[in-house]
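It should be emphasised that the depicted structure is a prediction, and the values quoted were computed from it without experimental measurement.
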Amino acid sequence: MGGLGLRRRGARLPLLLLPLILLAAAGAAAGAGKEKAPRGKLRFRRGSGTFKVVQVADMHYANGRSTGCEDVLPSQVAGCTDLNTTAFLYRVFRAEDPDLVVFTGDNIYGSDSSDAAKSMDLAIAPAIDMKLPWAAVIGNHDQEGTLSREGVMRHLVSMKNGLSSFNPEGIEIDGYGNYNLEVSGVEGTSMDEKSVLNLYFLDSGDYSTVPSISGYGWIKASQQVWFQQTSSSLQAKYMNENPKQKEPAPGLVFFHIPLPEFSSFTAANFTGVRQEGISSASINSGFFASMVEAGDVRAAFVGHDHINDFCGKLSGIQLCYAGGFGYHAYGKAGWSRRARVVSVQLEKTDGGEWRGVKSIKTWKRLDDPHLSTIDSQVLWNRGANGRRRKNPDGS
């Protein structure tokens with residue numbers, strides 16, 4: 001984020017453990033020996049019936065070792081650079097072994113980067129090195145360097161192991177990086193050719209281009225039309241093609257700038273913390289209503305406001321911040337950088353076959369000495385959300 005030009009300089013974190021972390025991580029593939037989908041194909045795991053996403057928000061990567069850190073304790077100053085962000089990526093990837101990594105914007109801090117393409121390569125490198133599938137959207141700072149907004153997205157699409165798309169083909173749409181990914185059921189089951197989980201990615205813009213409207217950008221009408229048409233098509237396919245289903249596959253949505261509806265919560269009705277204002281666009285473009293009307297979205301995940309990390313439920317949709325990840329991004333001294341993890345679990349019949357999604361859970365990983373896990377919660381559970389599809393055996 002950064003409040004429309006606001007930069008906050010701070011202290012730096014020591015790299016005492018960095019050499020060991022990097023040596024241990026370099027060249028390691030996540031989850032060695034564990035069953036995963038073939039490269040380029042997203043699907044649930046056979047053994048556990050799970051699909052796990054690690055969300056990385058606001059790395060603000062610049063030039064690597066020569067780029068200092070912001071907002072850490074004075075005692076942590078010596079030697080802190082972008083490489084602390086790199087080390088944290090390796091730590092959390094090794095701990096969580098995700099099936100997909102999602103970078104939700106401000107992946108680089110363009111104005112501090114001498115070469116935007118090189119900075120992006122450095123920022124994403126751990127996911128590529130560990131051969132993890134990944135996808136990305138762009139924020140409001142990615143394009144402020146040597147690449148245009150379009151150029152940043154085209155570079156992301158060209159990178160190894162990436163599943164991002166520039167934009168849907170054949171339609172006029174605002175922004176860069178509006179696309180969806182389908183996650184198939186377990187291979188060898190009746191659901192192996194169905195997308196039992198749908199992931200939507202949208203460009204929430206950078207700053208308003210309308211002279212009479214100040215502040216940040218927003219998700220435009222053309223993007224909302226694409227989203228609703230895509231959601232409708234996926235729902236029809238899931239429910240009408242054999243084996244037919246009685247309710248849509250859950251959808252998760254990822255973008256950078258929070259919606260005005262993120263302001264709807266108080267400490268009494270969210271999990272996590274709110275330590276700064278909600279820096280949404282100054283107008284409401286209606287995307288939250290579009291998600292509600294679509295009927296399949298269970299949660300939306302954003303970044304932008306680095307020291308907010310809460311999830312709150314509104315009209316059946318969980319609205320979640322990740323919390324700031326990067327050390328060159330503003331933060332709060334003594335408040336650990338963090339990543340959000342989302343774990344989706346399939347339902348299993350009495351006969352032992354994996355079916356559709358049963359539950360969606362989340363927690364956060366902190367970059368502290370213990371890589372602590374906090375705020376574990378259920379975002380959605382089929383049994384607690386209205387209609388429930390019965391299994392053929394009646395269970």
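Between the T50 side chain and the V344 main chain, no donor and acceptor come within less than 3.5 Å of each other. Side-chain atoms of D58 never come within 3.5 Å of backbone atoms of G324 as a donor-acceptor pair (strictly under, hydrogens ignored). Using a distance-only test at 3.5 Å, with no hydrogens or angles considered, a donor-acceptor pair links the side chain of R365 to the main chain of L371. In terms of modelled atom types and a separation under 3.5 Å, the side chain of T189 and the main chain of V186 share a donor-acceptor contact. The backbone N or O of N284 lies less than 3.5 Å from no partner atom in the side chain of E261, so there is not a single donor-acceptor pair. Looking only at distances, no side-chain donor or acceptor of S195 sits under 3.5 Å from a matching main-chain atom of S184. No side-chain donor-acceptor contact under 3.5 Å links D367 to the backbone of F88. With hydrogens and angles disregarded, a donor-acceptor distance shorter than 3.5 Å links the side chain of D115 to the backbone of K118. In this structure a side-chain-to-backbone donor-acceptor pair under 3.5 Å is present from E276 to I307. In terms of modelled atom types and a separation under 3.5 Å, the side chain of Q55 and the main chain of V302 share a donor-acceptor contact.
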D142 and R149: salt bridge (charged side-chain N to carboxylate O under 4.0 Å, His left out), yes or no, with the steps? CA-CA 7 Å; D142 293 283; R149 195 166 182 81; 5.7 Å; no
Assess whether salt bridge (charged side-chain N to carboxylate O under 4.0 Å, His left out) is satisfied between D192 and R43, documenting all intermediate values. CA-CA 8 Å; D192 67 353; R43 70 165 66 245; 5.4 Å; no
Test K194 against E241 for salt bridge (charged side-chain N to carboxylate O under 4.0 Å, His left out), laying out the working first. CA-CA 9 Å; K194 277 187 173 290; E241 293 184 4; 5.4 Å; no
Start with the C-alpha distance between I213 and S282, add both sets of side-chain angles, then the distance that settles side-chain contact (heavy atoms from CB on, under 4.5 Å), and finish with yes or no. CA-CA 7 Å; I213 301 173; S282 59; 3.3 Å; yes
Please report the C-alpha distance between K358 and K348 in whole Å, then the side-chain angles of each, then the deciding distance to 0.1 Å, and finally whether the side-chain contact (heavy atoms from CB on, under 4.5 Å) criterion is met. CA-CA 8 Å; K358 178 181 180 181; K348 201 171 191 178; over 6 Å; no
For a side-chain contact (heavy atoms from CB on, under 4.5 Å) check, start with the C-alpha distance between V341 and V53, then their side-chain angles and the critical distance, and finish with the verdict. CA-CA 6 Å; V341 184; V53 177; over 6 Å; no
Could you walk me through whether D99 and K52 pass the salt bridge (charged side-chain N to carboxylate O under 4.0 Å, His left out) check? CA-CA 5 Å; D99 299 287; K52 186 186 288 185; over 6 Å; no
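At least one test fails for R337 against the ring of W335: distance under 6.0 Å to the centre or angle within 45° of the axis. Judged by the 6.0 Å and 45° rule, K361 forms no cation-pi pair with W363.
For S222 and D174, the side-chain atoms include at least one donor-acceptor pair closer than 3.5 Å. Donor-acceptor pairing under 3.5 Å is recorded for the side chains of S114 and N63. Using modelled atom types and a 3.5 Å distance limit, the side chains of Q223 and N178 yield a donor-acceptor pair. Side-chain atoms of D368 and S336 form no donor-acceptor pair, as typed in the model, at a separation below 3.5 Å. Between the side chains of Q228 and S232, not a single donor N or O lies within less than 3.5 Å of an accepting N or O. Side-chain contact of T362 with R340: a donor-acceptor pair under 3.5 Å is present, judged by distance alone.
Residues F166 and Y176 place their aromatic rings such that the two centres sit under 6.0 Å apart. Residues F201 and F255 keep their aromatic ring centres 6.0 Å or farther apart.
In the hydrophobic clustering of this structure, Y200 does not group with Y179; members are Ile, Leu, Val, Met, Phe, Trp, Tyr whose side-chain heavy atoms approach within less than 4.5 Å, directly or through other members. Hydrophobic clustering (ILVMFWY, side-chain heavy atoms < 4.5 Å, transitive): Y321 and I374 are in distinct clusters. Linking ILVMFWY residues whenever their side-chain heavy atoms come closer than 4.5 Å, directly or via other members, places Y61 and M130 in the same cluster. In this structure, V297 is not a member of the same hydrophobic cluster as Y238, with clusters built from ILVMFWY side-chain heavy atoms closer than 4.5 Å. Residues Y90 and L83 are members of one and the same hydrophobic cluster, defined by side-chain heavy-atom contacts under 4.5 angstrom among Ile, Leu, Val, Met, Phe, Trp and Tyr.
With rounding to the nearest 0.5 angstrom, the CD1 atom of I138 is 9.5 Å from the CD atom of E150.
Ring pair F254/F301 is parallel by interplanar angle, where below 30° counts as parallel and above 60° as perpendicular. Between H60 and H141, the ring planes lie perpendicular to each other; the angle is over 60°, past the 30° to 60° tilted range.
Residue pairs meeting the disulfide bond (SG atoms under 2.5 Å apart) criterion with at least one partner in residues 296-372, sequence neighbours excluded, are C311-C320.
Contact annotation: the side chain of W226 approaches that of I171 to within less than 4.5 Å [non-hydrogen atoms, C-beta and beyond].
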